[in-house]
Amino acid sequence: MRYLSSSDLNFQADLESLSQFEDTVSSDISAAVERILRLVKDSGDTALVQLTKDLDRYAADTFDQLIVGTEELDLAFQSLDADQRAALQTAASRIRDYHERQKADSWAYEDELGNELGQKITPIGRAGIYVPGGKAAYPSSVMMNAIPAMVAGVREIYMVAPCPGGNVSNLVLAAAKLSGVSKVFKIGGAQAIAALAYGTESVPKVDKIVGPGNAYVAEAKRRVFGMVGIDMIAGPSEILIIADGTANPDWVAMDLFSQAEHDELAQAILVSPDEAYLKEVESRISKLIPEMARKEIIQTSLNNRGAMIHTKSLEEACDVSNILAPEHLELSVQDPDALLPKITSAGAIFMGIRSSESLGDYCAGPNHVLPTSGTSRFSSPLGVYDFQKRSSLIKISKRGSNELGRVASILARGEGLEAHALSAEMRLSGE
């Protein structure tokens, strides 16, 4: 792993280079996505059947074979062993409980002029959930994306997932049942995004699409944004750990692995003022990697984008973290509450040595769909608020019409907008 020290003269430049990630889309991906979007928009279900055959190696005779109904969801849930059912139910319950606390209510107040002003909260009508499924099954992604929509009051939740060979994990389908998904479609890639954005004969057009995917999915979401809402353009997974040297070094090494094993572009960084501890963790990494099932991916990730950073203090470690604005931040220290006020940018903050990031991925409760690539500087985790709309309420009294009308008239004429001014002036008493 790369080693940086805040004492080095070129530290700021090195830190900046560490935070840079090339996320430009290749011309091949861009062209392929454009073609797929056009095909689905023009040919609907027919295009989806053909693209699923070409790209996911599943030759469906009709589109009906790409639909998973409520009966199949029920059967998938019943097919699980008792431990799997209990684990899913526990995770779903905890995720739901956390997100229930995010619900916002409509509100209103009356000002000194007798005007009634407020905000009306309304759930979106339809949500589309994209769940990755090309290389592995992700029931946690189903719950993290669908449960906030259900809590928000979204009446129709449609899930799409790539199912190579037509196979779909019973865990994924069971998670869909627990999460309030209305219907599942066995389609993935850019074609699934197109179906949700444009609608087809069988796939309803949705209002917002959420959920991570590969480069084709990300580019498709980027292209349909504006026609539908999207959550974010997700980049590679990230973890940054601030350590004071008190945590078991094996724990910290494994926490770094937990993100590095996602893919070769994932980033894992350890920051500490204890240089000896950095070296100890590095030693444990070398010992533990050969034992890991995904050791090649972990090693490549750590070699390409991983780093050990030595700082003068824990306070400076917080400064480094705020610059990098990580997706996951672990405060692996004895007193995490003392550091928390110094943290300004992070997707999720794990407090204390027992708060492993992996618990956040599955069952702690908060959402694991988080801003990446430094976007936690201005973005937030996925939540109930992403599935709600806010409308302003304005009810003007007679007194308000008189007093505010004069204010509006002056400002409108100052902007050269006569009709605006007259609209306000016509409501003034006696005119």
Side-chain angles (χ1 to χ4, degrees), residues 66-103 123-163 166-188 192 196 203-204 206-213 231 234 348 356-370 381-388:
L66 300 179
I67 301 174
V68 181
T70 53
E71 260 188 46
E72 194 171 343
L73 297 182
D74 291 338
L75 287 173
F77 182 73
Q78 295 303 324
S79 74
L80 301 181
D81 63 44
D83 286 345
Q84 288 178 321
R85 280 201 303 273
L88 275 182
Q89 288 171 321
T90 297
S93 176
R94 293 185 61 84
I95 294 166
R96 187 178 299 109
D97 182 61
Y98 180 88
H99 288 84
E100 285 281 357
R101 299 161 196 268
Q102 293 182 337
K103 288 173 68 174
I124 65 174
R126 289 174 176 165
I129 309 296
Y130 188 94
V131 178
K135 295 181 180 178
Y138 297 102
S140 58
S141 287
V142 178
M143 295 186 289
M144 293 292 184
N145 283 280
I147 289 176
M150 179 177 62
V151 170
V154 178
R155 65 177 185 273
E156 297 175 48
I157 305 172
Y158 297 100
M159 182 179 122
V160 294
C163 302
N167 300 313
V168 56
S169 160
N170 281 337
L171 268 173
V172 166
L173 294 182
K177 171 184 169 57
L178 286 175
S179 304
V181 170
S182 308
K183 192 177 290 185
V184 177
F185 298 99
K186 295 193 282 188
I187 52 177
L196 293 172
V203 182
V206 301
D207 302 307
K208 190 165 191 173
I209 301 172
V210 301
D231 51 349
S356 72
E357 183 279 333
S358 60
L359 298 185
D361 272 352
Y362 296 107
C363 56
N367 211 286
H368 78 193
V369 180
L370 303 167
L382 186 73
V384 171
Y385 35 77
D386 288 294
F387 299 96
Q388 293 179 320

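- When all heavy atoms of A176 and L73 are compared, the closest pair comes out as CB-CD2, 4.3 Å.
- Taking CG from D207 and CG from L196, the interatomic distance works out to 11.0 Å, rounded to the nearest 0.5 Å.
- With rounding to the nearest 0.5 Å, the separation of OG in S93 from CE in M143 is 11.0 Å.
- Checked against V151 for a side chain to side chain contact (heavy atoms under 4.5 Å, CB included), the options Q388, K103, R101 give a single hit: K103.
- The shortest non-hydrogen separation linking Y130 to A192 is CE1-CB, 4.0 Å.
- In this structure, C163 and F185 have side chains that are not in contact, with every pair of non-hydrogen atoms separated by 4.5 Å or more.
- Checking side-chain atoms of D231 against main-chain N and O of G211 turns up a donor-acceptor pair under 3.5 Å.
- When every heavy atom of V154 is checked against every heavy atom of F387, the shortest pair comes out as CG2-CB, 3.8 Å.
- Atoms OG and OH, from S141 and Y362 in turn, are 8.5 Å apart once rounded to the nearest 0.5 Å.
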Which is it for M159 and V142 under the side chain to side chain contact (heavy atoms under 4.5 Å, CB included) test, yes or no, and what are the steps along the way?
-> CA-CA 8 Å; M159 182 179 122; V142 178; 3.9 Å; yes
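- A heavy-atom distance below 4.5 Å is not found between the side chains of D386 and V210.
- Rounding to the nearest 0.5 angstrom, the gap separating the NZ atom in K208 from the CD1 atom in I124 is 6.5 Å.
- Between the Q102 side chain and the G383 main chain, no donor and acceptor come within less than 3.5 Å of each other.
- Counting all heavy atoms, side chain and backbone alike, L173 lies closest to A76 at CB-CB, 3.5 Å.
- Between the CE atom of M150 and the CG atom of N145 there is a distance of 12.5 Å, given to the nearest 0.5 Å.
- Side chain of R94 to main chain of A364: a donor-acceptor pair is present (N/O by atom type, distance under 3.5 Å, no hydrogens or angles).
- By the side-chain hydrogen bond (donor to acceptor under 3.5 Å, both in side chains) test, H99 pairs with N367, sequence neighbours left out.
- Nearest heavy-atom pair, L88 versus P139, reported as atom, atom and distance to 0.1 Å: CD2-CB, 4.1 Å.
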With side chain to side chain contact (heavy atoms under 4.5 Å, CB included) as the test, would you mind laying out the steps for V203 and Y158 before giving the verdict?
-> CA-CA 8 Å; V203 182; Y158 297 100; 5.9 Å; no
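- Closest non-hydrogen pair, I157 versus A146, comes out as CD1-O, 3.8 Å.
- Applying the side-chain hydrogen bond (donor to acceptor under 3.5 Å, both in side chains) test to residues at least two apart or on different chains, the pairs with a partner in residues 177-186 are D74-K177.
- Heavy atoms of other residues, nucleotides or ligands lying less than 6.0 angstrom from OH of Y385 number more than 12.
- The side-chain hydrogen bond (donor to acceptor under 3.5 Å, both in side chains) analysis of residues 79-92, with sequence neighbours excluded, yields the pairs S79-N170.
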